[in-house]
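Quick caveat: nothing in here was measured; it's all calculated off a predicted structure.
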Amino acid sequence: MNRFKTSKFKNTTPKIAKKDGWINNVRAGSFSSQGNHIKASSKLVVFNAEQAGGGMLGLSSVRPGADGQWTVTQMSCHSDLVTDMDFSPFDESLLVTSSNDETVKLWRLCDPELQQPSGPELTLHPGQGRLELVLFHPTSSGLLAVGSQKSPLIWDTSRPDAPLAVLEQHSDLLQSLSWKQDGSLLASSCKDKMLRVFDPRAQLTPVQSAKSLQNNKDSRILWVKDNNLLTTGFNMMRDREVRLWDSRKLSSSIGSVSLGTSSGSVIPLFDEDTGLLILSGTGDTVIDCFEVSSSEPFLSQVSHCLTDTSTRGVAMVPKLALDVMSCEVMRVLQLTDSCIVPISYQVPRKHSGQEFHDDLYPDTVGTTPAMSAEEWWQGGNKQVEKVSLHPDKQPKPKASPAKQTPAKKELATGGSKEDPARCSTSSSPLSTPSSSAVPSRSPSTTSGLSSGFLPSPSPSQSAKAIQNMLGPSSKFRHIQGVVMHRDTHITNVQGLNLTTPGECDGFSVNRDRVAVPLSISGGQIAVFERSQPGKLPHTALPTIQNSVNVVDFSWDPFDTHRLAVAGDDAKIRVWQVPEGGLTETLTEPELILQGHTEKIYSIKFHPLASGLLVSSSYDFTVRLWNLESGDQANLLTGHEDQIFGMAWSPDGKLLATVCKDGKVRIYDPRKSTAPVQEGPGPEGHRGARVVWVCEGKYLLVSGFDSRSERSLYLYSADSLSSGTVASVSLDVSPSTLIPFYDPDTSVVIITGKGDTRVSIFEVVPEDPYFIECSSFNSPEPHKGLGFLPKTECNVRDVEIAMGLMLTKTTIEPVAFRVPRVKKEFFQDDIFPDTAVNWEPALTGAAWLSGMNGHQKKMSLKPKDMTPVSEAPKEAPVRKYLPSSVYLEEKTDEQKKEELLSAMVAKLGNMDDPLPQEAFEGVDDDEWDD
C-alpha cells in the first residue's frame with residue numbers, strides 16, 4: 001500500500017453478530033496444542049470439544065438450519081487429543097485430523113443433522129510419534145503436510161503406506177507450518193527459534209533458514225503477499241509481536257508490530273484477496289485487524305474489535321460463503337468456552353445490499369484442484385483457476401457423477417467407505433483422476449472425483465467395503481466418562497497413603513463402603529460409608545488398626561462388612577465392620593491367617609464360593625485359605641520370582657498368575673499344586689496384572705514390553721504356550737496398568753495409579769481383538785479407580801459401569817455412559833442379564849470338595865421401560881411435498897376460487913351479528929339520575 005494512496009479497506013468495520021446469531025451449546029476444550037482449535041469450510045464448522053480427553057470434535061454448520069437454529073453434534077475422531085484439523089480447499093465436507101495417538105485421519109462429514117460416518121475414509125500411520133500439525137496443499141488434491149514433533153512430512157493420500165518426503169528433522173518442537181499460496185514452498189517455525197523454508201521437491205533440507213525468533217514460546221508462521229512471511233510470537237521481553245520477513249532473507253525482519261504483554265499465543269489469519277490480517281490471542285477479549293502491504297508501512301491497523309468473551313480459537317470462513325451484496329469482505333468465527341461467535345468484516349458503501357461492488361472482490365481461487373499430488377511431485381506448478389464472486393457468475397453445482405464400481409486396488413489404497421444410507425457426499429478429490437493409483441478418467445465422468453474415492457455402487461457394497469477396510473466397529477466407541485455431581489463426593493480425605501505396593505489397587509470399594517489406606521503409623525485403614533457423602537471432619541476418624549504396614553486389602557464380595565487385609569508381617573487379618581460403619585477404632589481382627597514365610601504381595605477372594613481367599617507372597621508361593629475354618633486349604637508352587645498378579649476364572653475353577661520370571665501360568669488348585677499351563681509373559685519386569693475375558697476363553701495381561709512401554713497382551717486360555725494372540729501398546733509410564741473387565745459388554749477399562757487418562761477397549765474373540773473406544777481424562781492424577789456392582793449403574797442414562805475415583809483428598813463417583821438416541825427405551829443390546837455376583841453360588845467347603853456352581857442372573861430392566869428391541873418402528877416422515885404438487889397446472893377457475901376463499905377467510909363470516917348489536921340500552925327513568 002502506497003502511503004499516498006488510500007486503501008479501499010481502511011474503513012473495514014467488524015460487526016459482531018447478535019446473540020441469536022451465535023452457535024450455542026458448544027463445549028470447547030481447553031487443551032493445549034499447536035492448532036487453531038477451530039476450522040471452517042463454506043458449509044461446516046469443526047472445533048475441539050472437551051469430551052473424551054480431547055479426542056472428540058464438535059461439528060456445526062456455517063449457516064443455520066431451516067428453523068433458524070444451528071445444530072451442534074459431536075463425533076469421536078481419535079483415542080487421544082486432536083491436535084490440528086483442516087478442511088480440503090476443494091471439498092467442503094472433507095476433513096483431515098491429526099492427534100496425539102500418532103495417526104492422521106481423513107473424514108467425509110455430513111450435515112450436522114445427519115448421522116456422521118462411523119469411521120474415517122483413510123488413516124495414516126506416520127510412525128513419528130505424537131503429531132502436532134496437518135495442512136492440505138493449496139493447489140493439489142490429496143496432498144498433505146503433516147507435522148510430527150520434530151519433522152514435517154509430505155504425504156500423498158493415494159499412497160497411504162509411506163510419505164513422499166520426510167523433511168530435515170528440527171532440533172526442537174515444531175510449532176507451525178504454512179504452504180505458500182502457489183504450493184511451491186513450505187515454511188516452518190520451531191521452538192529452537194529457527195525459521196525454515198523448504199522446497200520439498202528439490203531437497204529435504206531447507207533452502208532458507210535463520211535463527212530469527214527471539215523467544216522459544218509458541219510461534220506461528222504464514223505466507224502473505226509476494227515472497228513475504230509473517231510470524232507471531234514473543235520477543236526477549238516476553239511481549240507478543242508480529243514480524244514480517246522476506247523469505248529470501250530471513251536474517252532480519254522488514255517490519256514489526258508489538259501487541260503488548262500477555263501469555264496467550266497469537267493466532268494469525270490472512271486473506272490474500274484483500275491483504276487483511278486477523279490477529280487473535282488465546283485467552284484475549286480483543287481481535288485486531290491489520291492490512292499487510294509489500295511496501296512501507298508494511299502493517300497498518302484497520303480495526304480493534306472488543307469481544308464479549310475470551311477466545312479459545314479463531315477460523316476464517318472461505319470467500320465463497322460471504323454475503324458479497326452486503327460488502328462483507330471477511331468473516332471470522334471466534335471459538336469461546338460455550339459458543340461460536342461470527343464476526344463479519346464489512347466495508348461501508350452507499351449502495352450496500354443493492355449492488356455488487358466488484359472493486360472489493362477480485363476473482364478468488366476456486367474449488368477445482370489444479371493437479372494431482374503425483375503431478376505436483378513430478379514438478380507441476382499449475383495454479384487453481386480463479387472464479388468470480390459476483391452472484392450471477394458463480395459456478396452452478398455440477399451434476400452428480402455416474403456410478404462406477406471401484407476396483408479392488410482402489411479399495412486397498414483408501415477407496416470410498418461412505419455409507420450412502422447415512423449421508424450423501426459431494427464429489428471432491430483426495431487425488432485427481434490422473435493419479436497413478438487408478439486408470440485415467442475424463443473430468444466429465446468423474447466430476448473432479450479423486451482416484452480411490454469413488455461413489456459406491458450400492459449401500460450393500462459400500463457397507464461391505466467399510467467392514468473389510470475398517471474391521472468391526474464397537475457400539476461402545478463413543479463411551480463417555482462423567483464425574484458425578486459434587487453432592488455425591490466424599491471430600492477432605494486426609495493422611496492418604498500414596499505409597500502402597502504396585503500389586504495393590506490403592507483402595508477397595510463395595511456397594512456400601514470404601515476402604516482407604518492412611519499414612520498414619522500402625523497400618524491404619526479408614527472406612528467411609530457411601531450413603532454419607534460430603535466433607536469429612538478435620539478431627540480424627542475411627543479406623544482399623546492393623547499394627548503393621550498394609551500391602552493389600554479386599555472386601556468380601558458376599559459380605560459388605562468383611563475386609564481382608566494383608567500386612568508386611570506375612571499375616572492376613574480379617575475384620576468385621578459393624579452395621580452403619582465405624583464408630584470406634586477396631587484393634588482386634590475377627591480372624592488371623594498365618595502360613596506365609598515372607599511378606600505378602602496380594603490377596604483375592606473367590607468369585608463364586610463363600611469364605612475362600614487366595615494370597616501370593618515373597619516366598620514365591622500361592623496359598624488358598626478357608627475362612628470358615630481359618631485353615632490353609634492348598635499351597636501352589638512353581639513360581640521363580642515375584643508374583644505380580646492373580647485372577648480367578650469366571651467359573652471359579654482355575655486361577656491365573658503373571659510372574660516377574662516372564663511366565664503366565666494357569667492352576668487348577670483342586671487337582672494339582674503345579675501349573676497346568678505355562679506361557680511366555682510380558683518382556684518387561686516392572687509389574688503386570690491379569691484378568692479373564694471373553695467368557696473365560698482368553699487371558700488379558702497388562703504389563704511392559706522390552707522398551708518399557710505399557711502394553712496389553714491377549715492369550716488363549718487353552719494354549720498359553722503359543723504366546724500372545726494379539727497385543728497393543730499404550731504409552732510410557734512407570735505405573736502398572738490396572739484392568740477392570742465388564743463381562744456383560746466385554747469392555748475393559750484400564751488405568752494406572754497416578755494417571756490422568758483412563759483407556760477403554762472392547763475385547764472381542766476375533767481379529768482385531770482390541771477395539772479402541774474413547775478415553776476418559778481426569779482433571780488431576782488419580783490414586784486409584786474401583787468399580788461397583790452392575791446394579792449401581794443407572795440404566796436410564798445408559799451407564800455400563802460405575803466407578804469410584806480416589807484423588808489426594810476426595811473420592812468421586814465416575815459414570816461411564818454410552819450415548820444413545822432413544823434413551824426412553826431400555827437398551828437391551830448392551831444390558832444383558834447380569835450375574836448376581838453379590839450372592840455365593842456355593843460354600844467354600846463345597847467347592848473344595850469338588851463341587852462347582854453357577855451364579856444366578858437377573859435383568860436390569862426397570863418395570864416401566866420397554867426394551868429398545870421391541871420399540872415401535874418409526875415410519876419415515878416425508879420432509880417435502882412431492883414435486884407433482886408444485887408442478888401441477890391449475891386452471892383460471894381454480895385460481896379464482898382459491899383467491900375468493902382466501903379473501904372470505906380474511907373478512908370473516910358476513911352473517912355474524914355486529915358487536916354493537918349485542919349492547920343493551922337503558923330505561924327512560926335512568927336518564928333523570
Side-chain angles (χ1 to χ4, degrees), residues 15 17-25 41-45 60-73 92-93 110-115 317 320-328 331 342 344 346 349-357 387-403 420-427 447 459 821-822 824 871-920:
K15 294 185 177 180
K18 296 180 179 179
K19 288 198 174 183
D20 57 2
W22 295 4
I23 304 175
N24 294 306
N25 301 319
S41 69
S42 56
K43 182 173 74 170
L44 301 174
V45 182
S60 188
S61 55
V62 172
R63 298 180 180 86
D67 58 356
Q69 302 296 317
W70 280 268
T71 299
V72 178
T73 185
E92 59 191 8
S93 300
C110 314
D111 290 338
E113 297 83 3
L114 304 176
Q115 184 177 357
V317 176
L320 293 173
L322 300 183
D323 182 6
V324 294
M325 297 305 291
S326 297
C327 296
E328 183 184 33
R331 191 186 310 163
S344 174
Q346 301 178 5
R349 287 290 174 96
K350 270 189 177 182
H351 302 288
S352 175
Q354 300 175 9
E355 59 184 53
F356 177 75
H357 296 263
V387 296
S388 172
L389 289 174
H390 196 292
D392 297 336
K393 296 181 180 179
Q394 290 197 23
K396 304 259 188 316
K398 296 183 180 180
S400 59
K403 293 184 178 179
R422 293 193 174 182
C423 62
S424 60
T425 63
S426 60
S427 59
S447 187
V821 176
K822 298 180 179 180
E824 66 272 17
K873 303 294 182 184
E874 295 181 359
V877 179
R878 183 186 290 275
K879 296 179 68 174
Y880 306 102
L881 294 173
S883 59
S884 58
V885 174
Y886 301 102
L887 299 176
E888 182 182 357
E889 192 68 33
K890 296 179 181 178
T891 64
D892 291 342
E893 289 298 324
Q894 288 175 319
K895 292 177 182 178
K896 285 180 181 180
E897 187 67 30
E898 288 182 3
L899 183 60
L900 286 172
S901 299
M903 292 173 65
V904 170
K906 279 191 174 183
L907 291 172
N909 192 345
M910 299 300 293
D911 297 331
D912 292 342
L914 296 174
Q916 56 265 38
E917 294 178 7
F919 296 166
E920 295 183 0

All heavy atoms of Arg63 vs all of Ser42, minimum pair found to be NH1-O, 3.5 Å

So, the side chain of Trp22 versus the backbone of Ala17: is there a donor-acceptor pair under 3.5 Å, distance only?
yes

Identify the heavy atoms of Ser344 and Gln346 that sit nearest to each other, and give their distance.
OG-NE2, 3.2 Å

Kindly give the heavy-atom pair with the smallest separation between Gly21 and Trp70, and that separation in Å.
O-CH2, 3.3 Å

Any chance you could lay out the side chain to side chain contact (heavy atoms under 4.5 Å, CB included) test for Val62 and Arg331, step after step, and finish with the verdict?
CA-CA 11 Å; Val62 172; Arg331 191 186 310 163; 3.7 Å; yes

Using the side chain to side chain contact (heavy atoms under 4.5 Å, CB included) rule, take Met325 and Asp323 through it: C-alpha gap first, then chi angles, then the decisive distance, then the call.
CA-CA 6 Å; Met325 297 305 291; Asp323 182 6; 3.9 Å; yes

Give a yes or no answer on whether the side chain of Ser326 reaches the backbone of Glu328 with a donor-acceptor pair at less than 3.5 Å.
no

Which heavy atom of Pro112 sits nearest a heavy atom of Leu44, and at what distance?
CD-CD2, 3.9 Å

So do the side chains of Ser61 and Ile23 get within less than 4.5 Å of each other, counting heavy atoms only?
no

Any donor-acceptor N/O pair, Asp111 side chain to Glu113 backbone, under 3.5 Å:
no

So with a 6.0 Å cut-off around CD of Glu355, is the heavy-atom count from everything else above 12?
yes

